[in-house]
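Single-structure report; data block below.
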Amino acid sequence: MPGIHHGLTRLDQLVKTCLQNEGPAKPFVQTLGRLKPANPVFIENITHQDVVNALDALAQSMRATSIEDGPADAGMTFLGQFVDHDITLDATSALGTRIDPATIRNIRTPGLDLDCVYGDGPEASPHLYGAGEQDHMLMFGRQDNALDLARTCAGKALIGDPRNDENIIVAQIQGIFIELHNILMSKVIEGGSEAADIKACAHSGMAEEVWDAHVSPGLTSFQEVRRFIRLHYQWIVWNELLDAFVHQDCLDAAMHALVFDWDAPVMPVEFTGACYRFGHATTQFEYQINAVGSPVPLFATQGFGKRPEDQNLDYNLFFEMGGGTQSQKARPVGPKLGAALLELPFVSGQIELKDVNVTLTEPQSKNLALRNMVRDRYTYQLASGQQFAAHLGTDTVEVPPELKDKGFKKTPLWFYALQEAKEQGGGKLTGVGGTIVASVFANLLKRDPTTYVHIPHFTPWSGFGGKPSCMAGIIAYVEAHRSHILHPDKLKCG
């Protein structure tokens, strides 16, 4: 856990600091909290209904009705969603109800550790794992579709985070990491040069006495495979995912210096509730899933149920794999959203802002852009984009006319980050948005001594090479080595 002396739990650290007067001035940093103080809505000569109506007008201006390709592969949007599910899960706050972010419980561990895949490991999350000689392999596949997630009799996915079944694209990114684990576990059991490579990589940057003190001998192979995969995943997040959507200057600055104070929250609400929601703007409103049929609307990809084989992805259409197939692209980061996101089909009912006695209409309640800005202003009360620009010393962008014409002097942080990307970042986060996103991920990587950044000159394994990206290399490796999984039928369920 970031900010805690090695080998101590959060309670241990608190006791040590209080009773022995040893340790940092603050026993540990907050997981969730604010970078800047709350910024309540201030109204003068208008009503809160006027504020909501102005935000609605801004949301409507974001409607995009045609495909626009940015530089990133389409799959990167969903890899970003997968990463979000790995580091955050807020099951506390409710849209329309004001809440102190410091009181929100983050159900995910705030680290790039793939707990959305592994849960708490085979001992604490045994329902995710096989039995007997496969008790350290993850359940995967069904009899009707060997590439679907393993499922209960009710069709619910047996995975570390149920949100990774919410659409068939992120579900299959989840599936790639599950299959990769099972392949590598099988390789380790078999022995040979690949097993030696996995072991050597997994032990890099860790003293053997530390490994021996923290890893049960019975879990050695599992822990080696898990760390091997985690290191490559962390490398992909920083060098491929963020590189696709965040300006390089922001990444370099965040990795080489502390942007916010050392005791800033690990998962600031300005990140979780605003800037990292940039992924909504990169979503196209339709995707070609595979070679069968025509492109399907975004919400025809919804999951949470058994997936038929004809919905299995052709990964060449989502990631540049170096073959003859051109991958689809994500939208550039900017203040436009595919029209489908302004008409969420799965939302019912109306949002009530009880503190200010305003109720959104049903169409407003279905509008993702408006929901994001209402959450910003009334649930989290975030500092504005302009306030952050002044704090960070970045170039300010103008208040959009939909707000400025109604007397607004500041812009909600989520929209501001998208506006910056279009006007100053060439379709990538920059300025305030880029700084906040880059600094959070840099902080996660630097605070955790087991991440790849603490291994000098770390480079991805050669077995994932020969492709345009490490992510593409992992996909290609999985597709080429599925037959090496030990008794895959015994891992199928549902």
Side-chain angles (χ1 to χ4, degrees), residues 73-86 114 116-119 125 127-130 137-183 279 283-319 321 325 327-328 330 340-341 344-346 471-472 474-483 485 487-494:
D73 290 342
M76 285 298 182
T77 294
F78 298 92
L79 178 61
Q81 184 182 25
F82 175 87
V83 171
D84 177 43
H85 295 171
D86 185 37
L114 289 173
C116 64
V117 172
Y118 291 105
S125 302
H127 60 289
L128 303 180
Y129 294 83
M137 293 188 186
L138 290 155
M139 300 294 291
F140 185 74
R142 297 185 298 105
Q143 293 301 327
D144 292 342
N145 184 357
L147 301 184
D148 192 9
L149 301 171
R151 298 182 181 277
T152 67
C153 295
K156 296 180 180 179
L158 290 167
I159 54 178
D161 190 314
R163 295 173 298 171
N164 282 346
D165 191 34
E166 68 184 27
N167 66 68
I168 64 173
I169 303 173
V170 74
Q172 292 180 73
I173 291 175
Q174 172 91 11
I176 283 290
F177 283 99
I178 291 174
E179 287 191 280
L180 178 63
H181 174 84
N182 291 344
I183 291 168
T283 306
Q284 303 285 11
F285 57 81
E286 64 179 18
Y287 292 97
Q288 182 76 38
I289 299 300
N290 50 42
V292 179
S294 302
V296 299
L298 173 63
F299 290 115
T301 68
Q302 285 183 266
F304 292 130
K306 296 179 179 180
R307 188 176 75 245
E309 287 186 327
D310 63 8
Q311 292 183 350
N312 291 343
L313 291 187
D314 179 349
Y315 288 98
N316 291 277
L317 295 172
F318 287 86
F319 295 93
M321 300 292 290
T325 303
S327 67
Q328 298 167 101
L341 294 175
L344 299 176
F346 49 82
M471 186 67 200
I474 285 176
I475 293 168
Y477 183 85
V478 167
E479 293 190 319
H481 293 84
R482 285 190 174 114
S483 61
I485 296 175
H487 305 310
D489 285 346
K490 293 183 179 180
L491 296 170
K492 294 177 181 177
C493 187

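Below, each value reflects all heavy atoms present in this structure, side chains not excepted, and no hydrogens, waters or symmetry copies.
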Smallest separation among heavy atoms of [X] and [Y], with atom names:
| X | Y | value |
| --- | --- | --- |
| Ile159 | Ile178 | CG2-CD1, 4.1 Å |
| Asp73 | Ser327 | OD1-OG, 3.0 Å |
| Tyr129 | Tyr118 | OH-O, 2.8 Å |
| Met321 | Tyr315 | CG-O, 4.2 Å |
| Gln284 | Ala330 | NE2-C, 3.7 Å |
| Lys492 | Met139 | O-CE, 4.0 Å |

query = So, for Phe346 and Phe304, is the gap between ring centers shorter than 6.0 Å?
reply =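 No; Phe304 has its ring centre 6.0 Å or more from that of Phe346.
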message = Using the ring centroid of each side chain, check whether His181 and Phe140 are separated by less than 6.0 Å.
response =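 Between Phe140 and His181, which both carry aromatic rings, the centre distance is not below 6.0 Å.
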request  = Apply side-chain contact (heavy atoms from CB on, under 4.5 Å) to the pair Ile169 and Thr77, showing each step before the final yes or no.
outcome  = CA-CA 10 Å; Ile169 303 173; Thr77 294; over 6 Å; no
ask   = Run the side-chain hydrogen bond (donor to acceptor under 3.5 Å, both in side chains) check on His85 and Asp161 step by step: do they pass?
value = CA-CA 7 Å; His85 295 171; Asp161 190 314; 5.0 Å; no
Does [X] reach the main-chain N or O of [Y] with its side chain, forming a donor-acceptor pair under 3.5 Å?
| X | Y | result |
| --- | --- | --- |
| Lys306 | Gly494 | yes |
| Gln328 | Gln288 | yes |
| Gln172 | Leu313 | yes |

Between [atom1] of [X] and [atom2] of [Y], what distance do you get to the nearest 0.5 Å?
| X | Y | atom1 | atom2 | result |
| --- | --- | --- | --- | --- |
| His487 | Asn182 | NE2 | CG | 13.0 Å |
| Phe177 | Ile474 | CZ | CD1 | 5.5 Å |
| Thr301 | Glu286 | OG1 | CD | 11.5 Å |
| Met471 | Phe318 | CE | CZ | 12.5 Å |
| Lys490 | Ile485 | NZ | CD1 | 14.5 Å |
| Gln302 | Glu166 | CD | CD | 9.0 Å |

request  = Identify, with sequence neighbours excluded, every residue that meets side chain to side chain contact (heavy atoms under 4.5 Å, CB included) alongside Ala171.
outcome  =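 Expected list: Leu149, Asp165, Arg307.
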ask   = What's the verdict on side-chain contact (heavy atoms from CB on, under 4.5 Å) for Thr152 and Leu158, showing C-alpha distance, side-chain angles and the deciding distance?
value = CA-CA 7 Å; Thr152 67; Leu158 290 167; 3.8 Å; yes
inquiry  = Go through it in stages, so that I can follow the logic: the residues are Ile168 and Tyr287, the test is side-chain contact (heavy atoms from CB on, under 4.5 Å), and I'd like the CA-CA distance, side-chain angles, deciding distance and then a yes or no.
reply    = CA-CA 11 Å; Ile168 64 173; Tyr287 292 97; over 6 Å; no
Do [X] and [Y] come within less than 4.5 Å of each other through their side chains, counting heavy atoms only?
| X | Y | answer |
| --- | --- | --- |
| Val170 | Arg163 | no |
| Val296 | Gln311 | no |
| Phe78 | Asn164 | no |

ask   = What's the verdict on side-chain hydrogen bond (donor to acceptor under 3.5 Å, both in side chains) for Asn312 and Asn290, showing C-alpha distance, side-chain angles and the deciding distance?
value = CA-CA 7 Å; Asn312 291 343; Asn290 50 42; over 6 Å; no
